[in-house]
Peer 1: 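Below you will find the structure I want to go over with you.
Note that the structure is predicted; figures quoted are calculated from it, not measured.
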Amino acid sequence: MRDQACTRDDLLRRALEGPFPERDALLMVGRFSPLRPLERIRLLVTAPQPEQLLGLDHYQVERIIGRPLRRTAWNPRQLLADTELDRRWLSLDERWVLWFGDDRYPSHLREIYDPPALLYGWGQLREAGRRGVALVGTRQPDQEGEEAAFATGYDLARHGVVCVSGLARGIDAAAHRGTTGAGGTALAVLGSGIDAVYPASNRPLGADILDQGGAILSEYPPGVPPQRHQFPARNRIVVGLSAGVVVFQAPEPSGALISAEFGLQLGVDVMVHAAGASWTGCRRLLQAGASLVEGARDILDLIGPGVLGEEAAPAGELLSPGAAAEQTKLALFDSPGEIPSREVHR
């Protein structure tokens, strides 16, 4: 098998043109943790069938991705066996995995430099394709910041806007609570395996997101525990799903600033909520040109009509909150995913 020596743009073009990798091949490559997102795409473009992956040795994989793999050996038969957990998880309702080249893969997520090769999802697939607004900030906000995040999530949801965040403590959770409280749609992006909502205390909130017709997303397969480096990587997906990023309160350094920097690189609107204007990280963003906003109306005015999709209502025109589903999905969170007791920082 010859080496792949194409540019990023050429690689992504080939992934979109096909052939479509078989599902077992997707799951095998999703299980090989040393690979970076573009390397996963490169390997699947080169070997889209499980039989081809089983025929590769370690050195061939190194040649395909273009770098040595010193810490973890390529063991395709073990990877294939490990996908049994994925197949069991995917066999249940409203669970799915998308390849980068799938027509249902969010088109705007393809615009980031290193889009996920695989996107695991739980909930409404259709909603994952709608561009939303990212609401992010510290895990330790003050009362003003938490109330502002809740109110903004609530008001945006009343305007039909999808609210995107990371389901972490603090600002993320407050924004998601506001969105679900208004009967709106939320997208929660995990920094752990798709079955391991972290922190565990937010599992009921995750169930509310599913009940309201939203979705939980991750680039990590079932059973992958949260690790420190996975949270900054998660933030690029939050931004890639969004037409704007609102930072509520952020110290310096912080994961929320990483999200804002991703937003600046993508050219999406980066905003600072007035509740966090005095925080060091937010001051730096304002000095760099971020806009100061006080609520949903300011956010919608800055992003402009048409960007968020046809279901978003204009500022001043509210949609009625949806009724909560009658049956909770809390039982779905009884999963084999590992949830460490110690805090993992964004």
Side-chain angles (χ1 to χ4, degrees), residues 132-189 199 201-202 205 208-209 231-232 234-235 238-239 241-264 268-304 308 312 315-316 318 321 343 345-346:
V133 174
L135 307 179
V136 300
T138 178
R139 281 186 168 90
Q140 297 177 318
D142 59 27
Q143 183 176 349
E144 181 185 10
E146 195 161 1
E147 290 175 352
F150 179 95
T152 303
Y154 186 96
D155 291 342
L156 286 174
R158 293 288 306 276
H159 286 93
V161 175
V162 173
C163 295
V164 189
S165 200
L167 202 53
R169 292 188 178 95
I171 293 296
D172 288 12
H176 283 315
R177 284 196 300 270
T179 302
T180 57
T185 300
L187 297 180
V189 185
S201 58
N202 278 346
L205 180 55
D208 289 342
I209 290 172
F231 290 92
R234 177 271 308 274
N235 292 351
V238 169
V239 175
L241 293 168
S242 307
V245 180
V246 184
V247 181
F248 286 84
Q249 294 178 333
E252 194 173 16
S254 73
L257 294 186
I258 295 174
S259 296
E261 289 164 2
F262 281 132
L264 292 171
V268 305
D269 289 292
V270 175
M271 295 158 268
V272 169
H273 195 280
S278 64
W279 285 56
T280 55
C282 293
R283 287 205 306 269
R284 180 160 74 83
L285 289 176
L286 291 169
Q287 292 167 357
S291 301
L292 186 66
V293 296
E294 295 185 356
R297 184 179 298 273
D298 292 343
I299 295 166
L300 293 174
D301 286 345
L302 277 168
I303 293 176
L308 294 170
L318 299 181
E343 175 70 35
H345 295 288
R346 182 197 296 266

Peer 1: Please round to the nearest 0.5 Å and tell me the distance separating atom CG of Leu187 and atom CG of Leu167.
Peer 2: 11.5 Å
Peer 1: Is any side-chain heavy atom of Pro251 closer than 4.5 Å to a side-chain heavy atom of Gln140?
Peer 2: no
Peer 1: From Arg158 CZ over to Leu156 CG, what is the distance, rounded to the nearest 0.5 angstrom?
Peer 2: 12.0 Å
Peer 1: Please round to the nearest 0.5 Å and tell me the distance separating atom CD1 of Ile171 and atom CG of Leu135.
Peer 2: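 Separation between the atoms: 9.5 Å.
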Peer 1: Atom CZ of Arg177 and atom CG of Asp172: how far apart are they, to the nearest 0.5 Å?
Peer 2: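 Rounded to the nearest 0.5 Å, the CZ-CG separation comes to 10.5 Å.
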Peer 1: Quick one: closest heavy-atom pair of Gly184 and Ala157, and the distance?
Peer 2: CA-CB, 3.7 Å
Peer 1: Run the side chain to side chain contact (heavy atoms under 4.5 Å, CB included) test on Thr152 and Phe248 for me, step by step, so that the C-alpha distance in whole Å, both residues' side-chain angles and the decisive distance to 0.1 Å come before the verdict.
Peer 2: CA-CA 10 Å; Thr152 303; Phe248 286 84; 3.5 Å; yes
Peer 1: What are the two closest non-hydrogen atoms of Ile209 and Ala186, and how far apart are they?
Peer 2: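 So the two residues come closest at CG2-O, 3.5 Å.
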Peer 1: Provide the closest heavy-atom pair for Val164 versus His176 in the form atom of the first, atom of the second, distance.
Peer 2: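 The pair with the smallest heavy-atom distance is C-CE1, 4.5 Å.
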Peer 1: To the nearest 0.5 angstrom, please state how far the NE2 atom of His273 sits from the CD1 atom of Ile299.
Peer 2: 6.5 Å
Peer 1: Do Trp279 and Thr138 have side chains that approach each other closer than 4.5 Å (heavy atoms only, starting at C-beta)?
Peer 2: yes
Peer 1: Are any side-chain N or O atoms of Arg139 and backbone N or O atoms of Gly170, one a donor and one an acceptor, separated by less than 3.5 Å?
Peer 2: no
Peer 1: What residues, two or more places apart in sequence or in another chain, satisfy side chain to side chain donor-acceptor pair (under 3.5 Å) together with Glu252?
Peer 2: Arg284
Peer 1: Please report the shortest heavy-atom distance between Val238 and Ser165, naming the atom on each side.
Peer 2: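 Smallest interatomic distance, heavy atoms only, reads CG2-O, 4.1 Å.
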Peer 1: Can you tell me how far CD of Glu146 sits from CD of Gln249, rounded to the nearest 0.5 angstrom?
Peer 2: 9.5 Å
Peer 1: Of all the heavy-atom pairs spanning Gly137 and Ala256, show the shortest one and how long it is.
Peer 2: CA-CB, 3.8 Å
Peer 1: Under the criterion side chain to side chain contact (heavy atoms under 4.5 Å, CB included), I'd like the reasoning laid out for Asn235 against Glu261: C-alpha separation, chi angles, the key distance, then a yes or no.
Peer 2: CA-CA 10 Å; Asn235 292 351; Glu261 289 164 2; over 6 Å; no
Peer 1: What heavy-atom pair brings Asp142 and Gly145 nearest, and what distance separates the two atoms?
Peer 2: OD1-N, 2.8 Å
